[in-house]
Amino acid sequence: MKVIIAEKPSVAREIAKVFGANTKREGYIEGKGYTFTWAFGHLLQLAPPQEYGFYGWSVQNLPMLPQKFKLSIRKVKTKDGVVEDPAVKKQLDIIKNLFEEATEIIVATDAGREGELIFRYIYYYLKCKKPFKRLWISSQTDAAIKDGFRNLKPGSDYDTLFNSAHCRSQSDWLVGMNATQALSISAGTRSVLSLGRVQTPTLAMICSRYIENKNFVPQTYYQVSIQVDKRGQVFRALSDKNFKTKEEAQAVLDKVEDVPTGFPQGANIISVEAKPRKELPPLLHDLSSLQQEANKRKGFTADQTLSILQSLYESKLVTYPRTGSRYIGDDVFAGISALIDKFTGHPDFGKQAIYLQGVKLSKRSVNAKKVTDHHAILPTGETAHQLSADRQAIYDLVVGRMLEAFHQDCIKEITKIVVESGFKFIATGTVISVPGWRAVFNDTDDDKKDEENPALPKVQQGELLPITEKALLEKQTKPKPLYNEASLLKALETAGKEIDDDELRYAMKDSGLGTPATRAAIIETLIKRDYVAREKKTLVPTGTGLAVYEVVKDQKIAQAELTGSWEKRLEEIRSGASITDFQEEIKTYTRTITQELLKAGVSLKAKPGASTPVKA
DNA sequence: GCAAGGTC
């Protein structure tokens with residue numbers, strides 16, 4: 001009997017369906033001589049310090065450098081404390097029994113570093129010796145699955161991928177566990193002061209932005225604005241320059257020939273320029289972009305959006321949610337037209353779905369090469385019944401974005417009028433001439449400016465018009481805003497883009513900080529540690545958060561570059577480089593940072609009121 | 001009590 005093991009039940013079901021196997025058992029499906037089973041993500045994790053004899057939190061144990069790492073069953077928090085997750089234990093038992101009966105194992109965990117690790121940890125934990133082959137597919141359509149099974153790879157082809165995954169896992173453990181204990185012990189506080197490769201740079205981003213924002217000194221500047229009247233249709237134009245002093249602006253204002261000062265036609269139209277601008281449809285959503293959108297539109301936290309999306313996925317209403325790709329392959333695209341047809345009766349989007357039936361669909365989101373483990377988030381087309389308000393809201397964002405993504409370009413008419421009246425003034429106006437994809441949600445532009453006119457009246461070069469009003473405007477430069485969840489998610493995604501070192505930047509280009517599946521959890525961790533607090537939509541550091549930031553801000557552990565340098569080495573390991581060099585470097589680094597934090601953490605002692613939130 | 005990674 002051949003056993004196929006997937007990363008999660010949904011994938012095992014898809015594969016079983018392709019084989020025509022449909023006998024459902026507890027924890028697996030069987031039929032046609034095959035057995036299809038699954039994990040639930042990582043079932044096993046590197047064992048905690050006490051399993052190597054490092055009891056309590058004590059300087060004597062530091063740095064903790066286990067000779068050989070052990071695996072332990074994933075834990076879950078209950079009212080009786082932290083225990084092995086019973087569901088995980090049960091599934092592991094099922095897998096163990098299936099592996100014992102297997103003649104061959106086919107590994108169908110997700111095609112990536114962590115997917116490989118999920119399987120190998122199970123395989124080694126169960127001390128399994130059976131031969132295994134690897135299914136390597138990037139989409140779960142029938143065709144892709146069939147093709148993948150015709151091209152199964154030898155399991156050993158992925159040994160180096162496992163090595164890189166195992167190194168990632170161990171390194172995070174060594175640096176995270178040791179740094180956390182070192183800082184917590186030396187600070188002498190009761191609470192946990194955690195540090196890690198991802199959470200600490202994230203905290204640093206929030207804190208440095210907060211400090212920059214708080215210390216920002218606004219600069220005052222001045223502008224002159226005029227209101228021009230074209231037979232009852234008025235528009236505003238602004239001086240084409242900002243002035244540092246009020247006097248300069250006043251001088252310009254005085255020269256404006258407006259009606260109240262006795263000039264019936266003081267505005268001279270110098271030029272009129274109208275240009276169409278095309279806006280391509282947006283890409284389909286990945287998890288991060290959906291979290292950002294839901295935060296902006298509905299105020300949902302990243303964590304809320306993920307959990308709502310997970311429940312929609314479990315109800316089979318949307319495809320796999322924790323994807324980092326905003327694209328689909330041609331195979332999925334082939335079914336899009338039929339999928340859109342299912343939404344022609346939707347109360348908000350029905351009209352646009354009907355419209356799309358008659359036009360050529362945009363292929364901007366179609367690119368098989370940019371589909372990684374999973375494709376972009378789509379509705380499945382299953383009928384949604386009686387969704388709660390929150391689930392409906394997220395579901396509609398998914399459906400609406402699908403319609404937008406395959407819709408047509410939006411065409412805008414950008415008009416610029418230059419007016420002269422003692423000085424040069426400029427009016428710009430934007431009119432949507434063809435809404436295209438913008439018809440789906442029918443909302444205004446995100447980057448709308450206060451000064452912009454929605455539409456401008458038709459005027460001609462050389463025309464002389466009355467200026468009905470003029471004004472001197474006093475304005476102030478603004479600091480970069482504090483992070484909210486949407487802008488932080490974006491910043492985590494793009495972290496590393498500004499690294500000077502070409503190789504490190506390249507190593508991080510597809511990853512950023514954290515992964516789509518973990519970013520919401522990282523934000524929650526910072527809040528749980530009392531490092532960061534939510535104040536309405538913004539994320540504000542607490543006294544504790546700022547104090548920890550002060551201690552670590554110049555250290556490697558607070559820089560996104562650390563991830564970049566690891567990614568570079570891990571990629572080398574994947575292509576065959578030795579793992580021992582990297583492991584030795586990590587050990588050395590662990591010793592160094594542990595020593596440094598044991599000294600530096602003392603500055604956190606007895607900070608009065610260190611845990612009270614700081615007002616924005 | 002602690003990391004980051006995956007998922008029910």
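Naming: A, B, ... by sequence-line order, numbering from 1 per chain.
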Inset, instruction - Report yes if the distance between the aromatic ring centroids of A/Tyr121 and A/His166 is under 6.0 Å, otherwise no. - result: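 Between A/Tyr121 and A/His166, the centre distance is under 6.0 Å.
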Look at the side-chain N and O atoms of [X] and state whether any lies under 4.0 Å from the OP1 or OP2 oxygen of [N].
X        : N     : answer
A/Ser194 : B/dA3 : yes
A/Gln181 : B/dG1 : no
A/Thr180 : B/dA3 : no
A/Arg322 : B/dC8 : yes

Legend entry - Atom-to-atom span, CG of A/Leu174 to P of B/dC2 - whole angstrom: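 Interatomic distance, CG of A/Leu174 to P of B/dC2: 18 Å.
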Inset, instruction - Just call it for A/Arg519: base, sugar-phosphate, or nothing, with non-hydrogen atoms closer than 4.0 Å on any strand. - result: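 A/Arg519: no heavy atom of the nucleic acid under 4.0 Å.
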Inset, instruction - Have a look at A/Gly115 and say if it touches a base, only the backbone sugar-phosphate, or nothing, with a 4.0 Å heavy-atom cut-off. - result: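 Touches nothing.
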Consider the side chain of [X], meaning its heavy atoms from C-beta on, and name the nucleotide among [options] that approaches it most closely.
X        : options             : answer
A/Arg197 : B/dG1, B/dC8, B/dA4 : B/dA4
A/Gln45  : B/dA3, B/dC8, B/dC2 : B/dA3
A/Asp110 : B/dA3, B/dG5, B/dT7 : B/dT7

Inset, instruction - Please examine the side chains of A/Ile5 and A/Ile106, heavy atoms only from C-beta on, and report whether any two atoms are closer than 4.5 Å. - result: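 They are not in contact (no side-chain heavy atoms under 4.5 Å apart), so the answer is no.
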Legend entry - Member of A/Phe19, A/Tyr28, A/Phe149 meeting the ring pair (Phe, Tyr, Trp, His ring centres under 6.0 Å) criterion with A/Tyr34: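 Going through the options one by one, the only one that passes is A/Phe19.
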